[in-house]
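Nothing fancy with the numbering, it's 1 onward along the sequence. It should be emphasised that the depicted structure is a prediction, and the values quoted were computed from it without experimental measurement. Order of listing sets the numbers, starting from 1, for every ligand and every atom in it.
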Amino acid sequence: MDYRARFVVEPGRKVRLAKIDPSYTGKHESHEKALPVIRKHLERMDKLQYLLYADADQSLLVVLQALDAAGKDGVVRHLFSGMNPQGTSVVGFKQPSKIESDHDFLWRVHQHAPGKGEIAIFNRSHYEDVLVVRVHELVPRKVWSKRYDLINDFEKLLVQNRTRVLKFYLHISPDEQLARFEQRLEDPSRHWKISVSDYSERELWPKYVAAYEEAIEETSTKHAPWFVVPSNHKWFRNLAISEIIADTMEEMGLELPPTRVNIADIRRKYHAAVRAQNKEQRASARKRG
Ligand code: AMP
Ligand code: MG
């Protein structure tokens with residue numbers, strides 16, 4: 001299935017999250033039956049990341065946004081099962097510190113953009129500055145409403161510097177969120193995940209939906225597309241996201257870089273080193289004997 005084409009938000013299109021089924025699982029009947037497909041995508045990602053890192057010419061930025069308990073942490077864990085931690089980073093964006101909020105909203109973000117050969121995953125991102133900030137009226141409308149253009153320009157800057165930008169909204173239903181809150185409540189090993197604000201934020205669900213819809217409409221561009229991923233089923237969410245990432249990386253034209261050394265020369269050095277080592281071993285064997 002081409003989930004890139006299915007879940008991408010075409011530039012200029014209206015987004016109505018209520019019209020998108022968060023329980024969608026395509027033709028896949030169950031997690032068990034989908035496992036080989038998921039594994040295949042992870043293997044593709046692993047191979048492609050090796051090339052990305054070796055080539056050290058392009059980079060990839062993955063942005064994860066969602067309401068509480070939609071699974072951003074789960075996606076991070078899943079993606080890392082198909083990547084070498086070397087050359088990758090995860091950045092969680094929390095409430096800005098004093099020094100961060102003394103600067104423009106992109107100041108803290110830009111420094112975490114992936115360098116050549118790297119993949120960065122943003123667990124929340126600069127989008128919080130048009131989401132939570134809007135819903136809680138932390139700055140006036142005239143300030144946050146100008147940020148869409150600034151975000152588009154910022155992402156264009158990254159793209160022109162050879163970074164692919166993929167943005168995922170993990171779409172869950174209020175029922176599913178409540179079911180996950182219950183799991184957290186019933187499982188002491190997950191109590192650390194609970195915060196009081198989970199419930200106050202939940203009451204603001206319609207305001208968040210409106211903020212997400214507008215943010216996605218205003219900033220899904222050809223160079224930095226948004227994908228709305230049905231996420232009530234964790235396994236399907238993982239399958240779709242890893243497929244979209246692997247398909248995108250396949251298009252990046254990643255190849256092993258040309259050899260930087262003279263291989264014939266190095267081969268001679270290698271054989272000389274082998275001869276020297278053999279000689280040394282024979283000498284010390286004679287000494288012992
Ligand atoms: P969590 O992702 O559960 O660790 O929570 C991080 C919290 O930081 C969330 O409540 C976010 O809404 C909040 N947050 C992240 N970025 C911003 C921002 N720019 N302004 C205000 N709150 C933010
Ligand atoms: Mg949270």
Side-chain angles (χ1 to χ4, degrees), residues 17 61-80 89-113 120-155 158 165 167-172 174 176-185 187 189-216 218-219 224 226 229 231 234 237-238 241:
L17 292 173
L61 172 62
V62 174
V63 171
L64 303 176
Q65 283 290 159
L67 294 173
D68 290 311
K72 297 185 297 295
D73 295 347
V75 171
V76 171
R77 199 166 345 107
H78 170 72
L79 292 178
F80 271 86
S89 61
V90 185
V91 191
F93 290 95
K94 313 272 181 192
Q95 270 190 21
S97 66
K98 170 80 172 72
I99 184 169
E100 285 170 347
S101 47
D102 281 345
H103 289 79
D104 70 82
F105 76 105
L106 293 171
W107 181 78
R108 66 169 182 164
V109 180
H110 201 168
Q111 62 185 314
H112 295 292
I121 302 175
F122 284 1
N123 185 341
R124 302 186 190 270
S125 64
H126 43 300
Y127 283 95
E128 292 294 326
D129 291 280
V130 290
L131 297 165
V132 65
V133 163
R134 165 181 175 166
V135 169
H136 288 276
E137 299 177 18
L138 302 180
V139 301
R141 171 178 283 267
K142 72 174 196 307
V143 173
W144 60 252
S145 61
K146 295 200 179 88
R147 289 181 172 166
Y148 302 126
D149 287 344
L150 297 169
I151 289 174
N152 287 335
D153 285 346
F154 169 61
E155 292 174 355
L158 302 183
V165 181
K167 304 176 293 197
F168 296 97
Y169 172 68
L170 314 182
H171 180 45
I172 58 165
E176 179 60 24
Q177 187 194 51
L178 206 56
R180 294 184 188 182
F181 283 175
E182 188 194 3
Q183 286 167 2
R184 288 181 178 181
L185 205 53
D187 176 357
S189 76
R190 296 191 206 197
H191 281 179
W192 67 273
K193 283 200 161 214
I194 301 175
S195 71
V196 186
S197 73
D198 289 346
Y199 291 88
S200 49
E201 294 300 280
R202 179 177 163 82
E203 284 171 20
L204 298 168
W205 193 288
K207 288 194 167 170
Y208 271 106
V209 167
Y212 266 107
E213 288 179 341
E214 188 173 348
I216 294 171
E218 292 291 330
T219 63
W226 272 103
V229 179
S231 298
K234 295 175 183 176
R237 167 202 80 197
N238 290 347
I241 292 177

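- Here His126 and Phe105 keep their ring centres 6.0 angstrom or further from each other.
- Atoms of ligand 1 lying under 4.0 Å from at least one heavy atom of Phe93, given by number and element, are 15 (C), 16 (N).
- Distances from ligand 1 to the non-hydrogen atoms of Pro96 include at least one value under 4.0 Å.
- Considering each of Glu201, Lys72, Arg108, Gln95, the one bringing a non-hydrogen atom nearest atom 16 (N) of ligand 1 is Arg108.
- Contact annotation for Asn123 and ligand 1: no heavy atom of the residue comes within less than 4.0 Å of the ligand.
- Summarising the geometry, atom OG belonging to Ser145 is positioned 8.0 Å from atom CD belonging to Glu214; distances are rounded to the nearest 0.5 Å.
- For ligand 1, the polar-atom distance check finds an N/O of Asp129 within less than 3.5 Å of one of the ligand's N/O atoms.
- In this structure, CZ on Arg190 lies 10.5 Å from CH2 on Trp192, to the nearest 0.5 angstrom.
- Aromatic ring centres of His110 and Phe154: separated by under 6.0 Å.
- Those atoms of ligand 1 that come under 4.0 Å of a heavy atom in Val133, given as number and element, are 20 (N).
- Between atom 9 (C) of ligand 1 and the options His136, Lys193, His126, Arg124, the minimum heavy-atom separation is to Arg124.
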Working for salt bridge (Lys or Arg N to Asp or Glu O under 4.0 Å), residues Lys193 and Asp73 = CA-CA 11 Å; Lys193 283 200 161 214; Asp73 295 347; 3.4 Å; yes

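- Between Phe93 and Ser125, the shortest heavy-atom contact is CD1-CA, 3.6 Å.
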